[in-house]
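A short write-up of the structure that comes next.
One-based numbering along the sequence shown. These numbers were taken from a predicted model, which means no experiment stands behind them.
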Amino acid sequence: MKKIELGKQFVAQHLDLFRCPICQQPASSIEENSLVCPEGHRIDFNKQGYLYFLLRAINGEYDREMLASRRELLNQGLFSPIVDEIATHLQSTPATILDVGCGEGTPLKYLEELRNQQDVAIGFDISKDGIGLATQLETNAWFCAADLRQLPFNNSTFDTVLEIFSPSDYNEFKRVLKPGGTLIKVIPNANYLMELRQMLYPSGQHQTYSNAAVVELFKKNFPDTTTKQVTYEFELPVNLRTQMVEMTPLHWGKDAIKLTDDDLLNLTKITVDVTLLIAKAE
């Protein structure tokens, strides 16, 4: 079956999740290759089977090269312990899951495989490159291009909203979460990628990082937040050390040192140090 037909099939089966990004009316039908609302607004499926819900062009941080580098490392397990921990905080029965800022989609694919439930999993990003890569994955999850400030989903539709290193709109998250649903936000801690930070900025810039402001804002919105720290070292394969540099925006800084092949030989491992912020919707 062609990707566009698979995309249409997924949306048709879960039509109750979607709403029009223009008028906010619940989606009413699929007509030919379009998702249609009662007001007659149409969002077209493209050949890759996803819907482009953005009402204006938004430039994402990551280009296709960065996202491809990220995928290579994630396929080797760079973030697997994070997703393993996320899975322990989800319900044990089939769930509706929304992955915010899903990028190229690998973590959501891994989560779906790990849970082995009949989940309805949707990932979205503003990056067309990211969603284009995500649609290439062999997964039951479905992907779309959307803006987290104006989610194209109806109220109280998701059991879990997940975001890994993504910006937030807590009002929108509260709106689309079911009562008692779970929000999980993954944020970097001070030692996240410290080996790479030290190599790129030996003078000290960017070597330290504080997530205090992010935690404070999250807890302001969700006073009953619980936290879980996940820290580990990941052994970097020799053939993926360049990709480790390319997959993060750290090397964009004007003071960043351009690493040589000899430098990369010394980048044998990387520290992953994150905190999960976990909250329940009211």
**OP:** Report the C-alpha separation of Leu90 and Ile97 in whole Å, then their side-chain angles, then the decisive distance to 0.1 Å, and conclude whether the side-chain contact (heavy atoms from CB on, under 4.5 Å) test is met.
**Re:** CA-CA 10 Å; Leu90 272 59; Ile97 301 171; 3.8 Å; yes
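- How far OG1 of Thr260 is from NZ of Lys258: 10.0 Å, rounded to the nearest 0.5 Å.
- Considering only heavy atoms from C-beta on, Val100 stays 4.5 Å or farther from Leu151 through its side chain.
- Taking the six-membered ring where tryptophan is involved, the planes of Tyr170 and Phe173 are perpendicular, since the angle between them exceeds 60° and thus also 30°.
- The ring-ring contact (aromatic ring centres under 6.0 Å, His included) analysis of residues 67-104, with sequence neighbours excluded, yields the pairs Phe79-Phe165.
- For the pair Ile270/Leu78, a side-chain contact is recorded, criterion being any heavy-atom separation below 4.5 Å from C-beta on.
- Closest non-hydrogen pair, Phe234 versus Gly77, comes out as CE1-C, 3.7 Å.
- At distances below 3.5 Å, not a single donor-acceptor pair connects side-chain atoms of Lys185 with backbone N or O atoms of Thr275.
- In terms of hydrophobic clustering, with Ile, Leu, Val, Met, Phe, Trp and Tyr side chains grouped at heavy-atom distances under 4.5 Å, Ile22 and Leu17 are assigned to different clusters.
- In this structure, the side chains of Lys269 and Leu236 stay at 4.5 Å or more apart for every pair of heavy atoms.
- Taking both residues in full, the closest heavy atoms of Ser92 and Gln117 are given as O-NE2, 2.5 Å, listed atom of the first, atom of the second, then distance.
- Counting non-hydrogen atoms of other residues, nucleotides and ligands closer than 6.0 Å to NZ of Lys178 gives a total above 12.
- Closest non-hydrogen pair, Arg241 versus Leu265, comes out as NH1-O, 3.0 Å.
- Each of Asp119, Asp159, Thr157 was compared with Thr96 under the side chain to side chain donor-acceptor pair (under 3.5 Å) criterion, and only Asp159 meets it.
- For the atom pair CG of Leu67 and CG of Asp125, the computed distance is 7.5 Å after rounding to the nearest 0.5 Å.
- Of all heavy-atom pairs between Leu114 and Ala87, the closest is CD2-CB, 3.6 Å.
- Nearest approach of Met247 to Leu73, heavy atoms of both residues: SD-CD1, 3.4 Å.
- Between the OH atom of Tyr192 and the CD1 atom of Ile187 there is a distance of 12.5 Å, given to the nearest 0.5 Å.
- Using a 4.5 Å heavy-atom cutoff, the side chains of Asp147 and Leu55 are not in contact.
- Under a hydrophobic clustering in which Ile, Leu, Val, Met, Phe, Trp and Tyr are joined whenever their side-chain heavy atoms come within less than 4.5 Å, directly or via other members, Met244 and Leu250 fall into the same cluster.
- With a 4.5 Å cut-off on side-chain heavy atoms, Asp44 and Asn33 do not count as touching.
- Between Tyr110 and Ile82 the shortest side-chain heavy-atom distance does not fall below 4.5 Å.
- When atom types are taken as modelled, the side chain of Thr182 and the backbone of Thr160 share no donor-acceptor pair closer than 3.5 angstrom.
- Within 6.0 Å of CD on Gln118 lie no more than 12 heavy atoms contributed by other residues, nucleotides or ligands.
- A donor-acceptor pair is defined here as one N or O able to donate and one able to accept, closer than 3.5 Å; no such pair exists between the side chain of Glu72 and the backbone of Leu240.
- Considering Glu113, Lys109, Arg115 in turn, Arg115 is the only one that fulfils the side chain to side chain contact (heavy atoms under 4.5 Å, CB included) rule with Leu111.
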**OP:** Take Met199 and Ile257 through the test side-chain contact (heavy atoms from CB on, under 4.5 Å) and record every step on the way to the result.
**Re:** CA-CA 8 Å; Met199 293 179 73; Ile257 290 176; over 6 Å; no
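- Nearest heavy atoms, Ile131 versus Cys102: CD1-SG, 3.8 Å.
- Residue Asn239 places its CG atom among more than 12 non-hydrogen atoms of other residues, nucleotides or ligands, all under 6.0 Å distant.
- In this structure, CD in Glu163 is found 10.0 Å from CG in Leu98, a value given to the nearest 0.5 Å.
- Under the rule for a ring pair (Phe, Tyr, Trp, His ring centres under 6.0 Å), the partners of Phe18 that lie at least two apart in sequence or sit in another chain are Trp142, Phe153.
- Cluster membership check: Tyr232 shares its hydrophobic cluster with Leu196, using side-chain heavy-atom separations under 4.5 Å among Ile, Leu, Val, Met, Phe, Trp and Tyr.
- Without hydrogens or angle criteria, Tyr52 side chain to Asn46 main chain gives no donor-acceptor distance under 3.5 Å.
- Val120 and Leu15 fall within the same hydrophobic cluster, defined by Ile, Leu, Val, Met, Phe, Trp and Tyr side-chain heavy atoms under 4.5 Å apart, directly or through other members.
- Leu6 and Ile4 fall into different hydrophobic clusters, defined by Ile, Leu, Val, Met, Phe, Trp and Tyr side-chain heavy atoms under 4.5 Å apart, directly or through other members.
- Residues Asn189 and Asn211 bring a donor and an acceptor atom of their side chains to less than 3.5 Å of each other.
- Remark: side-chain polar atoms of Lys8 are paired, donor with acceptor, to backbone N or O of Glu32 under 3.5 angstrom.
- With rounding to the nearest 0.5 angstrom, the CG atom of Leu200 is 11.5 Å from the CD atom of Glu195.
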**OP:** Using the side-chain contact (heavy atoms from CB on, under 4.5 Å) rule, take His41 and Gln25 through it: C-alpha gap first, then chi angles, then the decisive distance, then the call.
**Re:** CA-CA 10 Å; His41 299 126; Gln25 292 292 315; over 6 Å; no
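- Applying the 4.5 Å side-chain rule to ILVMFWY residues, one finds that Val238 remains a lone member of its cluster.
- Here the side chain of Glu216 pairs no donor or acceptor atom with the backbone of Lys219 at under 3.5 angstrom.
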Subject >> side-chain contact (heavy atoms from CB on, under 4.5 Å) evaluation trace for Phe222 with Leu277 >> reply: CA-CA 10 Å; Phe222 301 94; Leu277 303 174; over 6 Å; no
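- Across Arg64, Arg70, Gln136, a single residue satisfies side chain to side chain donor-acceptor pair (under 3.5 Å) together with Glu104, and that is Arg70.
- Rounded to the nearest 0.5 Å, atoms CG (Asp273) and CG (Asn191) are 5.0 Å apart.
- Within 6.0 Å of the NZ atom in Lys228, the count of heavy atoms belonging to other residues, nucleotides or ligands does not exceed 12.
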